Every structure is written in structure tokens, then in C-alpha cells.
Asker: 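Dropping the structure in here first, questions after.
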Amino acid sequence: MLLLRNSPKVQKKKTFAKKPSKAAPSKPSAKLSKAFFKPAKPEEFLKRLQQNYPNAYCALHHKNAFELLVATILSAQCTDERVNMVTPALFEKFPDAKAMSRAKAEEIEDLIRSTGFFKNKSQSLLKMSKALIENHQGQVPKSLEQLIELAGVGRKTANVVMGNAFGIPTGVVVDTHVGRLSQRFAWAKIPDPVKIEKILCKIVPKDHWIQISHEMIFHGRKICKARNPQCADCFLKDICPKVGVGS
């Protein structure tokens with residue numbers, strides 16, 4: 001028996017098997033896990049940092065407020081280790097504001113060249129020293145507002161001097177380490193040091209403002225490094241959001 005061409009048996013459409021869908025990942029993605037990960041409250045971070053770095057200190061070598069002010073100005077875009085290498089000779093030749101205010105720019109430049117931006121820094125040191133002589137009897141003022149008026153001094157530098165030279169907590173020093181850890185701990189969303197300081201001043205007790213920056217800097221240098229954080233060896237790994245998302 002002949003079958004007509006229009007017969008359904010001849011014109012039956014071909015069916016294609018659907019490709020099996022990809023199996024759902026066994027582990028949640030970083031984005032998903034982050035939504036469910038609940039980091040510990042800041043108090044737990046602060047307690048552990050204090051326990052593990054009870055002797056954290058300012059890494060810039062200094063004997064008085066003037067030396068610390070100079071060293072902090074030099075530390076801009078430079079490591080503390082490098083600053084500590086150049087300041088002994090600098091302070092031997094210019095031990096106070098009076099001596100430094102009388103120096104020639106070239107003399108200072110030769111001594112601080114390896115810290116980078118030495119021309120700008122030498123000018124800042126000269127102007128700062130002259131301002132101390134003219135307006136503060138050669139002494140570093142114990143005022144955040146007056147410190148910020150000095151050449152080469154911003155809020156960070158002023159906080160360093162107020163806290164470490166005079167023991168007065170006027171804010172939290174936010175350097176690259178403190179800024180990085182604040183974001184990794186999910187305390188801050190953007191790397192704005194001004195906003196990060198405001199956040200830290202709210203979550204850190206005022207009597208701990210000076211020390212917390214040293215503790216975070218120690219932790220940033222030893223474990224929570226910028227490019228290769230040692231998360232597996234970190235005493236915060238069970239409560240840190242960065243570890244919680246598997247990064």
C-alpha cells in the first residue's frame with residue numbers, strides 16, 4: 001500500500017532532545033554566600049586585635065613632638081622604614097624648629113631625597129618650621145586645628161601627632177592599612193579616609209582611638225596584606241566577611 005506524501009507518518013516533525021541543564025553549583029557563589037554571611041559585630045574584631053597586638057606602637061622613630069611631626073610629613077607616599085633611615089641624620093643637623101627654619105632647601109633635600117617628593121617635602125618642612133617659630137614659640141601646638149594650618153599637615157598627620165606625641169585622641173589615623181582593613185571587615189564600603197575615620201570614631205570607643213590604628217597597621221603588615229592576605233593564619237578568619245565570601 002502506497003502512502004501519500006501528506007501522510008502524518010511522512011511529515012512527522014523531527015524532535016530534538018533538549019540539552020540537559022547545567023547542574024547547580026554545589027557551593028553558593030561569592031555573591032550568594034555574602035548575602036547569608038553575617039560577620040561579627042565590630043566589638044569582637046576590636047577585642048581580638050587588642051588581644052593579639054597588646055604592644056602595638058607608632059613605627060616612626062621620634063623623641064619628641066617635633067621629630068614626630070617631621071617624620072609624619074616625610075612618610076607621605078613613603079614607608080615608615082625608609083623614613084626611619086633618613087631621620088637620624090636629619091635630626092642631628094636640624095634638631096628643632098629653630099635650626100630647621102634656618103636651613104636651605106637644598107640641605108634638607110639632600111637628606112630626605114630617598115623618601116620621594118623631596119622638593120615638596122623640603123618646602124613643607126621649611127614653612128612648617130618657620131610657622132612654629134613665628135606663631136608657636138618654636139613648639140608644636142597641642143591643637144588639631146592649629147596643626148592642620150601648618151604646611152604639609154593634614155588631618156591624618158595631625159591625628160598622629162596629637163595621639164602619639166600628646167596622648168590626646170582627636171580621631172583615628174586612617175592610613176592605607178587601616179583603610180584596607182576597614183573595607184575587608186565590612187565597616188566601610190568606599191576607600192575614602194575621611195568617611196572611614198568618621199565610621200571608626202563611631203564604632204571604636206574614644207579611649208581606644210589612638211591604639212586601634214596601630215593594631216590595624218600591625219595586622220595589615222603581618223597578616224592582612226594588600227596583595228596576598230594570609231587568611232588561613234588569621235585569628236579573625238571565623239568572623240571576617242572577606243573569608244566568608246571565599247576571597
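All values derive from a computational prediction rather than experimental measurement. Side chains are part of it too, since the values below use all heavy atoms of this structure and drop only hydrogens, waters and symmetry mates.
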Asker: Residues two or more places apart in sequence or in another chain: which of them pass side-chain hydrogen bond (donor to acceptor under 3.5 Å, both in side chains) with Glu81?
Answerer: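 side-chain hydrogen bond (donor to acceptor under 3.5 Å, both in side chains) check on Glu81 returns nothing, list empty.
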Asker: If you compare all heavy atoms of Gln123 against all heavy atoms of Ala105, which two are closest, and at what distance to 0.1 Å?
Answerer: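 Smallest heavy-atom distance, with atoms named: NE2-CB, 3.6 Å.
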Asker: So if I apply the side chain to side chain contact (heavy atoms under 4.5 Å, CB included) rule between Val83 and each of Thr72, Val70, Leu74, Ile73, which one comes out positive?
Answerer: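 Considering Thr72, Val70, Leu74, Ile73, a side chain to side chain contact (heavy atoms under 4.5 Å, CB included) with Val83 is found only for Leu74.
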Asker: Are Leu60 and Leu147 grouped together when hydrophobic residues (ILVMFWY) are joined by side-chain heavy atoms under 4.5 angstrom apart?
Answerer: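 Yes, Leu60 connects to Leu147 through the hydrophobic network.
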Asker: Tell me, which pairs form a salt bridge (Lys or Arg N to Asp or Glu O under 4.0 Å) where one or both residues lie in residues 121-130, sequence neighbours left out?
Answerer: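 Those involving residues 121-130 do not exist here.
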Asker: Write down the atom of Ser129, the atom of Ala97, and the distance for their closest heavy-atom approach.
Answerer: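 For Ser129 and Ala97, the tightest heavy-atom pair comes out as CB-O, 3.6 Å.
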Asker: State yes or no: do Val173 and Ile203 share one hydrophobic cluster built from I, L, V, M, F, W and Y residues joined by side-chain heavy-atom distances below 4.5 Å, directly or via other members?
Answerer: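 In one cluster: no.
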Asker: Enumerate the side chain to side chain donor-acceptor pair (under 3.5 Å) contacts for residues 205-221, please, sequence neighbours excluded, ordered by first and then second residue.
Answerer: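 Applying side chain to side chain donor-acceptor pair (under 3.5 Å) to every pair that reaches into residues 205-221, excluding sequence neighbours, yields Tyr53-His219, Asp80-Arg221, Asn164-His214, His208-Glu215.
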Asker: Only counting residues at least two apart or in another chain, list the ones meeting side-chain hydrogen bond (donor to acceptor under 3.5 Å, both in side chains) with Ser124.
Answerer: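 Here no residue qualifies.
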Asker: Output the distance between atom CG (Leu236) and atom CZ (Phe45), rounded to the nearest 0.5 Å.
Answerer: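 Between Leu236 CG and Phe45 CZ, I get 6.0 Å after rounding to 0.5 Å.
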Asker: Between Gly167 and Pro169, what is the shortest heavy-atom contact and its length?
Answerer: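 It is O-CD, 3.6 Å.
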Asker: Hey, what do you get for CG (Leu126) to NZ (Lys104), rounding to the nearest 0.5 Å?
Answerer: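 Spacing of CG (Leu126) from NZ (Lys104) equals 12.0 Å.
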Asker: Nearest 0.5 Å please: distance from the CG atom of Leu181 over to the CD1 atom of Ile196.
Answerer: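 Going from the CG atom of Leu181 to the CD1 atom of Ile196 covers 10.5 Å.
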Asker: Rounded at 0.5 Å granularity, tell me how far CG in Asn52 sits from CD in Gln50.
Answerer: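 Spacing of CG (Asn52) from CD (Gln50) equals 10.5 Å.
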Asker: Kindly give the heavy-atom pair with the smallest separation between Leu68 and Cys58, and that separation in Å.
Answerer: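 Leu68 and Cys58 have their closest heavy atoms at CD1-SG, 4.1 Å.
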Asker: Go through the structure and list residues passing side chain to side chain contact (heavy atoms under 4.5 Å, CB included) with Lys63, not counting sequence neighbours.
Answerer: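 If we apply the side chain to side chain contact (heavy atoms under 4.5 Å, CB included) test to Lys63, skipping adjacent residues, the hits are Glu67.
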Asker: Any side-chain heavy-atom pair from Pro205 and Ile212 closer than 4.5 angstrom?
Answerer: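 They are not in side-chain contact.
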Asker: Identify all side-chain donor-acceptor contacts of residues 88-96 below 3.5 Å with residues at least two apart in sequence or on another chain.
Answerer:
residue, atom, partner, partner atom, Å
Asp96, OD1, Lys98, N, 3.3
Asp96, OD1, Ala99, N, 2.8

Asker: Between Asn84 (side chain only) and His61 (backbone N and O only), is there a donor and an acceptor less than 3.5 Å apart?
Answerer: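 Answer holds: yes.
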Asker: According to salt bridge (Lys or Arg N to Asp or Glu O under 4.0 Å), does anything in residues 150-178 pair up with another residue at least two apart or in another chain? List the pairs.
Answerer: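 Every salt bridge (Lys or Arg N to Asp or Glu O under 4.0 Å) pair that includes a residue of residues 150-178, provided the two are not neighbours, is Arg155-Glu197.
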Asker: CD1 of Ile217 to NZ of Lys222: how many Å apart, nearest 0.5 Å?
Answerer: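 Taking CD1 in Ile217 and NZ in Lys222, the distance rounds to 15.5 Å.
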Asker: Do Leu144 and Val178 belong to the same hydrophobic cluster, where Ile, Leu, Val, Met, Phe, Trp and Tyr are linked whenever their side-chain heavy atoms lie under 4.5 Å apart, directly or via other members?
Answerer: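 No, no single cluster joins them.
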Asker: Is there any ring-ring contact (aromatic ring centres under 6.0 Å, His included) pair reaching into residues 142-179, and which pairs are they, with sequence neighbours excluded?
Answerer: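 Matches after skipping sequence neighbours: none remain.
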Asker: What pairs with Thr79 under side-chain hydrogen bond (donor to acceptor under 3.5 Å, both in side chains), at least two apart in sequence or on another chain?
Answerer: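 Listed in chain order: nothing, the list is empty.
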Asker: Report whether Leu69 and Tyr57 are members of the same hydrophobic cluster (ILVMFWY, side-chain heavy atoms less than 4.5 Å apart, transitive linking).
Answerer: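 No, separate clusters.
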Asker: What heavy-atom pair brings Ser122 and Ile108 nearest, and what distance separates the two atoms?
Answerer: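 Smallest heavy-atom distance, with atoms named: CB-CG2, 3.8 Å.
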Asker: Restricting to non-hydrogen atoms, name the atom on Ile148 and the atom on Ala158 that form the minimum distance, rounded to 0.1 Å.
Answerer: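 Where Ile148 meets Ala158 most closely, the heavy atoms are CG1-CB, 3.9 Å.
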Asker: Hydrophobic clustering (ILVMFWY, side-chain heavy atoms < 4.5 Å, transitive) - are Ile239 and Phe185 grouped together?
Answerer: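 Yes, one cluster joins them.
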Asker: Just list the side-chain donor-acceptor pairs under 3.5 Å for residues 111-120, sequence neighbours left out, or say none.
Answerer:
residue, atom, partner, partner atom, Å
Arg113, NH2, Asp110, OD1, 3.1
Thr115, OG1, Ile112, O, 2.7

Asker: Any non-hydrogen side-chain atom of Pro241 less than 4.5 Å from a side-chain atom of Arg184?
Answerer: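 The answer is no, as the side chains (C-beta and beyond) never meet within the 4.5 Å cut-off.
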Asker: Any ion pair linking Arg48 and Asp238 (charged N to carboxylate O, less than 4.0 Å)?
Answerer: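 Result for this pair is yes, salt bridge flagged.
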Asker: What residues form a side chain to side chain contact (heavy atoms under 4.5 Å, CB included) with Lys47, not counting sequence neighbours?
Answerer: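 Expected list: Glu44, Gln51.
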Asker: Using atom types as modelled, flag every donor-acceptor pair under 3.5 Å from a side chain in residues 131-141 to any protein atom, sequence neighbours excluded.
Answerer:
none

Asker: What distance do Lys189 atom NZ and Ile199 atom CD1 have between them, rounded to the nearest 0.5 Å?
Answerer: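 Going from NZ on Lys189 over to CD1 on Ile199, the span is 9.5 Å.
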